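First comes the structure, then the notes that go with it.
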Amino acid sequence: EATRRTLSVLLRQLDGFEAASRTSNPKLARRDSSYNDAGAPAAGTVQRPASSSTHSSQPIVIGATNRAQDLDPALQSRFGVTISFPLPDAETRMQIFRLYARHLGDSDLRHLAVTTAGASGRDIR
């Protein structure tokens, strides 16, 4: 119950935050792919003013998690862009091990890389 209430408050804040941002800057009040079907901006999308100025008072909402499968779909739908960073492959894991275990030879590093399939860089460290 507490989790559901927290999510509800977060979603209302995101919706209000985005709506206020959109109405306070008429240059952003255009409908494009960063808006959902109801015409509301999708949270997490980078919204740029029509001018060429790179300075904007518009906030950008960014969320990060390593457990996206546990996020509520209502929350996920408010982010228009998702960037995934996959786990390192065997070659990349070997390079990570090389950074932290300089005293090991290539065969030992290769063995570690193969036996740690599914490990993240943080796990390896």
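This structure is a prediction, so every number in the text was calculated from the model and none was measured. Numbers here are sequence positions counted from 1.
When the salt bridge (Lys or Arg N to Asp or Glu O under 4.0 Å) test is applied to Arg98, the partners found at least two apart in sequence or on another chain are Asp106. Annotation: side-chain contact (heavy atoms from CB on, under 4.5 Å) contacts of Leu112 (sequence neighbours excluded): Phe97, Leu104. In this structure Asp89 satisfies the salt bridge (Lys or Arg N to Asp or Glu O under 4.0 Å) test with no other residue, sequence neighbours excluded. Remark: Ile83 engages Val81, Phe85 in a side-chain contact (heavy atoms from CB on, under 4.5 Å) (not counting sequence neighbours). Listed by chain and residue number, Ser120 satisfy the side chain to side chain donor-acceptor pair (under 3.5 Å) test with Asp123 (two or more places apart in sequence, or in another chain). With sequence neighbours excluded, the residues forming a side-chain contact (heavy atoms from CB on, under 4.5 Å) with Thr65 are Arg67, Ala68, Leu71, listed by chain and number. Every residue two or more places apart in sequence or in another chain that forms a side-chain contact (heavy atoms from CB on, under 4.5 Å) with Ala74 is listed here: Leu11, Asp72, Arg78.
Closest approach of Pro88 and Gly121 over heavy atoms only: CG-N, 4.2 Å. Here the closest heavy-atom approach between residue Ala90 and residue Ala113 is recorded as O-CB, 3.3 Å. The heavy-atom pair separating Ile124 from Arg93 by the smallest distance is CD1-CG, 3.6 Å. Minimum heavy-atom separation, Leu109 to Ala101: CD2-O, 4.1 Å. Smallest separation of non-hydrogen atoms from Ser84 and Pro86: O-CD, 3.7 Å.
Here the CE atom belonging to Met94 is positioned 10.0 Å from the CG atom belonging to Asp108, to the nearest 0.5 angstrom.
By the 4.5 Å side-chain criterion applied to Ile, Leu, Val, Met, Phe, Trp and Tyr, Leu87 is assigned to no cluster and stands alone.
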